[in-house]
Chemist: 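Pasting in a structure now, in structure tokens, and then I'll have a few things to ask.
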Amino acid sequence: MPEILNTSSGKPRVRFAPSPTGFLHVGSARTFIFNWLYARRNHGTMILRLDDTDVERNTDASVNSIFEGLKWLGLGWDEYYRQSDRLDLHRKTAWSIFEKGLAYRDFTPARTGDAEKSGAQGTWLFNPGMRDLPREESERRAASGEQFALRFRVPRDAGEVVRFTDAVYGEQMKAGADIEDFALLRSDGMPTYHLASCADDADLKISHIIRGQDHLTNTFKHVLIFEAAGYTPPQFAHLPLLVAPDGTKLSKRRHGPVVSVTTYRDAGFLPEAFINFLCLLGWSPKDDRTKMSLSELTEMFSLEGINRANAVVNFKEPASSPEETFDPKAVWLNAEHIRGLAIEDLSQRLLPIVQEQYPNVTAERMIEITPLIRERIKFLRDALTAADFFFVDELPPYDPAELIPQKGDASMAKRVLEKAQIVLGNVEFKHDPLDHALRAAAQELGVKAGQMFQPIRVAVCGRKNAPGLFETLEVLGKETTLKRITRAIQKTR
RNA sequence: GGCGCUAUCGUCUAGGGGUUAGGACGGAAGAUUCUCAAUCUUCAAACCCGGGUUCGAUUCCCGGUAGCGCUACCA
């Protein structure tokens, strides 16, 4: 009598089950996000499960990196498990399958190395002799201490097919004759991924398995395990893979840190922008929205919107600037989200980054500066370069030639600065008065407004490209402004 | 090799038997402005190929091609 999963409450239970064998990959992050969105959208439960049955390859560093990445995303989860704590359940499940005659001991030594792996001619299905080993002989050899793996006895008679319906890819079927007798238990007694994953999914009453498409063909094996263990398989939804511009799947070895979530964090991405970007890879709302908040995404998310083709993360392979490290759309979305933030909020996020380099900057100061750079930064870290002149006492050296205005010369720069020194000494440092005073001064000197503003801008900012002049001066204050203009006048000599 | 999946502008995608094939990023041009941004306007840019079904296919079917995945006592 198969136990019925997922129907009793109607509330979905989903899980994200990473293997701690490396940092949190952007593809994994997307899988986590889709699961989370699905759970929240349908008032279900989000489960985090560490699939750490491969003791050889698991590391604590990886576990930490995964938590670090997930913490930054800030989405959270409702239940947490580690497969290594649940080995008894896995073994019990495996042996229950064995007892039903649906699995058998294979005493063949493990295939070593990569022999006949990728270039294999023909498909390996099972080791000769083992599948039909008489029960008594099997028991005897096991009792004598001989090592064995436990394999699933895949039904491979003509006409045997395994089927399931994928929420994304539709009806799937495969002949049993094309499925190899996969292992359930290794010869050291440890469960394999397939077994552990299914045993846990059943035990945790997972209703929907939302995961990467690399598992689509594994799902036939999983259906076999669920049914052999007496459970109704959950609903499956496979996600198209994220690939590099060259079409190969994202890997640390080939593509470096671009595939790590923490790289986005450290570059100054907003987690909500990163999430927004990832959602648009392989999923779309049916309207034309692109910039979406977490709550909008939660509201809009559905399995039906998931696409079937792999999605390219469009970064430049040899990146010549930090910006090129990322997909242009991710960068744009980040800037969009930054622009959409309230000044106080943005300022708070900028402050720790700024303080790392300029410890004297206060929260009050940052609030004044933030509106001037909000439209000018693409990454949080850009505040460091966009507003540097607010943070330093003394401007770093700049080329005095920069002080020379368009269609002007050194003497014009000097006249403008000297005039500015006088005018600014007698004006209130507020936007409008500064505006009026400096425009009037330009008129008196017979120069264009732009010719008046540029030398002042360079004198106070140390460069030509900067925020609006009046608001800059207002925030900078009279004292610093006059000091920097004096320095600039010295430079014109 | 076997099995499975996929194929719309450079990229992410919408659409769907009859459309000027829509949007976004990026690119180009222009407007605005004290520079840079931001903003606005405009432009260029796509249905993998071949058969079939049909009055009509980019859309449905078949084949090809290409890409990806699985083919481990990894996950």
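Note on naming: letters A, B, ... go to the chains in the order of the sequence lines (proteins, then strands), and numbering restarts at 1 for each one.
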Chemist: Please determine if A:R131 forms a cation-pi arrangement with A:F126, meaning its NZ or CZ atom is less than 6.0 Å from the six-membered ring centre and no more than 45° off the ring axis.
Modeler: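 Judged by the rule, A:R131 and A:F126 form a cation-pi pair.
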
Chemist: Roughly how many Å is it from NE2 in A:H222 to P in B:U71, rounded to a whole number?
Modeler: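 Spelled out: NE2 on A:H222 to P on B:U71 is 10 Å.
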
Chemist: State the pairing partner of B:G27; accept Watson-Crick or G-U wobble contacts with both distances under 3.5 Å, and report none otherwise.
Modeler: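 Base-paired to B:C43.
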
Chemist: With a 4.0 Å heavy-atom cut-off, tell me which residues in residues 151-162 of chain A come close to RNA chain B, sorted by residue number.
Modeler: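 Result for residues 151-162 of chain A: A:R151, sorted by number.
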
Chemist: What is the separation between atom CG on A:L216 and atom P on B:U71, rounded to the nearest whole Å?
Modeler: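 Nearest whole value for this atom pair: 13 Å.
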
Chemist: Would A:F164 and A:F236 count as a ring pair (Phe, Tyr, Trp, His ring centres under 6.0 Å) if you check the C-alpha gap in whole Å, the side-chain angles of each, and the deciding distance to 0.1 Å?
Modeler: CA-CA 8 Å; A:F164 66 94; A:F236 294 96; 5.5 Å; yes

Chemist: If we count only N and O atoms by modelled type, under 3.5 Å, do the side chains of A:H215 and A:H238 hold a donor and an acceptor together?
Modeler: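 A:H215 vs A:H238: no donor-acceptor pair found between side chains.
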
Chemist: Do NZ/NE/NH1/NH2 and the carboxylate oxygens of A:D200 and A:R15 come within less than 4.0 Å?
Modeler: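 Salt bridge flag = no for A:R15 with A:D200.
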
Chemist: Honestly, is A:R105 close enough over A:F148, meaning NZ or CZ under 6.0 Å from the six-membered ring centre and within 45° of the axis?
Modeler: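 Ring-cation test returns yes.
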
Chemist: Rounded to whole Å, how long is the line connecting atom CG of A:D287 with atom P of B:G15?
Modeler: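 Taking CG of A:D287 and P of B:G15, I get 11 Å after rounding.
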
Chemist: Which of these passes side-chain contact (heavy atoms from CB on, under 4.5 Å) with A:L278: A:I33, A:V313, A:L333?
Modeler: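 Only one of A:I33, A:V313, A:L333 forms a side-chain contact (heavy atoms from CB on, under 4.5 Å) with A:L278, namely A:I33.
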
Chemist: Hey, can you tell me if A:F453 and A:F470 have their rings parallel, tilted or perpendicular (30° and 60° cut-offs)?
Modeler: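 The rings of A:F453 and A:F470 stand perpendicular, inter-plane angle above 60°.
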
Chemist: Are any of A:K286's side-chain N or O atoms less than 4.0 Å away from OP1 or OP2 of B:G15?
Modeler: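 Answer is yes, contact under 4.0 Å.
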
Chemist: Checking contacts here: which listed nucleotide (B:C73, B:G4, B:C70) is nearest the side-chain heavy atoms of A:D214?
Modeler: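 Of the candidates, B:C70 comes closest.
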
Chemist: Give me the distance, rounded to whole Å, that separates B:A24 from B:A46 when you measure between the C1' atoms they each carry.
Modeler: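 Here B:A24 and B:A46 have their C1' atoms 15 Å from each other.
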
Chemist: Assess, by modelled atom type and distance only, whether the side chains of A:D106 and A:N127 contain a donor and an acceptor separated by less than 3.5 Å.
Modeler: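 Per modelled atom types, A:D106 and A:N127 side chains form a pair under 3.5 Å.
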
Chemist: If pairing requires Watson-Crick or G-U wobble contacts with both distances under 3.5 Å, which nucleotide is the partner of B:A38?
Modeler: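 Partner of B:A38: none found under 3.5 Å.
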
Chemist: For the C1' atoms, the ones on B:U19 and on B:G52, what distance do you get once it is rounded to whole angstrom?
Modeler: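 Roughly 24 Å separates the two C1' atoms.
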
Chemist: Select base, sugar-phosphate, or nothing to describe what A:F470 touches, counting heavy atoms under 4.0 Å on all strands.
Modeler: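 A:F470: base contact, heavy atoms under 4.0 Å.
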
Chemist: Over how many whole Å does the gap from A:H215 atom NE2 to B:C70 atom P extend?
Modeler: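 Between P of B:C70 and NE2 of A:H215: 9 Å.
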
Chemist: Identify which nucleotide among B:C70, B:U39, B:C5 has an atom closest to any side-chain atom of A:R339, counting heavy atoms from C-beta outward.
Modeler: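 Looking only at heavy atoms from C-beta outward on A:R339, the closest nucleotide is B:U39.
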
Chemist: What is the pairing partner of B:G1, taking Watson-Crick or G-U wobble pairs with both distances under 3.5 Å in any strand?
Modeler: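 Base-paired to B:U71.
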
Chemist: What integer number of Å spans the P atoms of B:A28 and B:G64?
Modeler: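 B:A28 and B:G64 have their P atoms separated by 43 Å.
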
Chemist: Between A:R457 and A:S284, name the one whose nearest nucleotide on RNA chain B is closer to the 5' end.
Modeler: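 It is A:S284, whose closest nucleotide lies nearer the 5' terminus.
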
Chemist: Mind calculating the distance between OH (A:Y193) and C1' (B:C70) to the nearest angstrom?
Modeler: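 It is 12 Å, rounded to the nearest whole Å.
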
Chemist: With a 4.0 Å limit, can you tell me whether A:N307 has a side-chain N or O closer than that to the phosphate oxygens OP1/OP2 of B:A14?
Modeler: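 Yes, such a contact exists.
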
Chemist: Can we say A:R349 and A:D345 salt-bridge, meaning some charged N sits less than 4.0 Å from an Asp/Glu carboxylate O?
Modeler: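 Looking at A:D345 together with A:R349, the answer is yes, because their closest N to O distance falls below 4.0 Å.
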
Chemist: Report the distance from atom CG of A:D432 to atom P of B:C34, rounded to the nearest whole Å.
Modeler: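 Atom CG in A:D432 sits about 14 Å away from atom P in B:C34.
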
Chemist: Indicate, with a heavy-atom threshold strictly under 4.0 Å, whether A:A466 touches base, sugar-phosphate, or nothing.
Modeler: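 If one applies the 4.0 Å heavy-atom cut-off, A:A466 turns out to touch a base.
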
Chemist: Kindly state which residues belonging to residues 375-390 of chain A come within less than 4.0 angstrom of RNA chain B, counting heavy atoms of the residue only, listed by number.
Modeler: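 Within residues 375-390 of chain A, the residues near RNA chain B are A:E375, A:R376.
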
Chemist: Would you kindly say whether A:D51 and A:S19 are connected by a side-chain donor-acceptor distance under 3.5 Å?
Modeler: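 Checked: A:D51/A:S19 side chains show no N/O donor-acceptor pair below 3.5 Å.
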
Chemist: Under 3.5 Å, is there a donor on one side chain and an acceptor on the other for A:N218 and A:Y193?
Modeler: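 Side chains of A:N218 and A:Y193: no pair found under 3.5 Å.
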
Chemist: Classify the nucleic acid contact of A:E336 as base, sugar-phosphate or nothing, counting any heavy atom under 4.0 Å across all strands shown.
Modeler: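 Sugar-phosphate: the residue A:E336, judged by heavy atoms under 4.0 Å, touches backbone atoms but no base.
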
Chemist: For A:E296, is there an ion pair with A:R289 - N to carboxylate O distance below 4.0 angstrom?
Modeler: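 Looking at A:R289 and A:E296, the cut-off is met.
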
Chemist: Suppose we define a pair by two distances each less than 3.5 Å, Watson-Crick or G-U wobble; what does B:U32 pair with here?
Modeler: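 None - no nucleotide pairs with B:U32, as no candidate has both distances under 3.5 Å.
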
Chemist: For every nucleotide of nucleotides 23-32 of chain B, 5' to 3': is a protein heavy atom under 4.0 Å from its base (B), only from its sugar-phosphate (S), or from neither (-)?
Modeler: SBSS------

Chemist: With rounding to whole Å, what would you report as the distance between B:U6 and B:C49 at their C1' atoms?
Modeler: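 Roughly 16 Å separates the two C1' atoms.
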
Chemist: Toward the 5' end of RNA chain B, which comes first, A:P467 or A:N127, by nearest nucleotide?
Modeler: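 By nearest-heavy-atom nucleotide position, the 5'-most residue is A:P467.
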
Chemist: OP1, OP2 of B:C5 versus side-chain N and O of A:Q172: anything below 4.0 Å?
Modeler: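 Checking B:C5 against A:Q172, a side-chain N or O does come within under 4.0 Å of OP1 or OP2.
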
Chemist: So which protein N/O to nucleotides 41-43 of chain B N/O distances come out below 3.5 Å?
Modeler:
none

Chemist: What distance, rounded to whole Å, do you find between the two P atoms, one in B:A21 and one in B:G30?
Modeler: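 Each nucleotide's P atom is 29 Å from the other's.
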
Chemist: Looking for any heavy atom pair under 4.0 Å, which part of the strands does A:R308 touch: base, sugar-phosphate only, or nothing?
Modeler: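 Sugar-phosphate contact only - A:R308 comes under 4.0 Å of backbone atoms but never of a base.
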
Chemist: Contact class for A:T108 (heavy atom, under 4.0 Å): base, sugar-phosphate, or nothing?
Modeler: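 Base: the residue A:T108, judged by heavy atoms under 4.0 Å, touches a nucleobase.
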
Chemist: Report yes if some heavy atom in the side chain of A:L185 is under 4.5 Å from a heavy atom in the side chain of A:M190; otherwise report no.
Modeler: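 No, too far: nothing below the 4.5 Å cut-off.
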
Chemist: Can you check ring pair (Phe, Tyr, Trp, His ring centres under 6.0 Å) on A:F326 and A:F269, steps first, answer last?
Modeler: CA-CA 10 Å; A:F326 305 103; A:F269 269 86; 5.0 Å; yes

Chemist: Passes ring pair (Phe, Tyr, Trp, His ring centres under 6.0 Å), A:F67 versus A:Y80? Steps please.
Modeler: CA-CA 12 Å; A:F67 277 110; A:Y80 169 69; 5.8 Å; yes

Chemist: Please tell me if the side chains of A:L380 and A:L346 come closer than 4.5 Å, counting only heavy atoms from C-beta onward.
Modeler: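 In contact.
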
Chemist: Using atom C1' in both nucleotides, what's the gap between B:C74 and B:A66 to the nearest angstrom?
Modeler: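 To the nearest whole Å, 28 Å.
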
Chemist: How far apart are the C-alpha atoms of A:L242 and A:N310, what are their side-chain angles, what is the distance that settles it, and do they pass the side-chain contact (heavy atoms from CB on, under 4.5 Å) test?
Modeler: CA-CA 6 Å; A:L242 260 29; A:N310 289 172; over 6 Å; no

Chemist: Rounded to the Å, how far apart are A:K221 NZ and B:A75 P?
Modeler: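 To the nearest whole Å, that distance equals 11 Å.
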
Chemist: Does the structure show a Watson-Crick or G-U wobble partner for B:U65, both distances under 3.5 Å? Name it, or say none.
Modeler: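 For B:U65, the partner nucleotide comes out as B:A7, under the 3.5 Å rule.
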
Chemist: Rounded to whole Å, please give me the gap between CH2 in A:W283 and P in B:A14.
Modeler: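 Atom CH2 in A:W283 sits about 11 Å away from atom P in B:A14.
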
Chemist: What's A:G212 touching, base or sugar-phosphate or nothing? Going by heavy atoms closer than 4.0 Å.
Modeler: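 No contact.
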
Chemist: Scan side-chain atoms only and decide if A:S347 and A:R374 contain a donor-acceptor pair under the 3.5 Å cut-off.
Modeler: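 Judged by distance alone, the side chains do not pair up.
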
Chemist: Applying a 4.0 Å non-hydrogen cut-off, can you work out what A:E180 is touching in the nucleic acid: base, sugar-phosphate, or nothing?
Modeler: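 A:E180: backbone/sugar contact only, no base atoms under 4.0 Å.
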
Chemist: Tell me, for nucleotides 59-68 of chain B in 5' to 3' order, what letter each nucleotide earns: B for a base near a protein heavy atom under 4.0 Å, S for only sugar-phosphate near one, - for neither?
Modeler: ---------S

Chemist: Strictly below 4.0 Å, N to O, side chains only: are A:R156 and A:D178 in salt-bridge contact?
Modeler: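 A salt bridge is absent here (no side-chain N lies under 4.0 Å from a carboxylate O).
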
Chemist: Among all residues two or more places apart in sequence or in another chain, which pass the side chain to side chain donor-acceptor pair (under 3.5 Å) test with A:Q421?
Modeler: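 A:T486.
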
Chemist: Identify which nucleotide among B:G69, B:A75, B:C34 has an atom closest to any side-chain atom of A:T217, counting heavy atoms from C-beta outward.
Modeler: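 Closest of the options to the side chain of A:T217: B:G69.
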
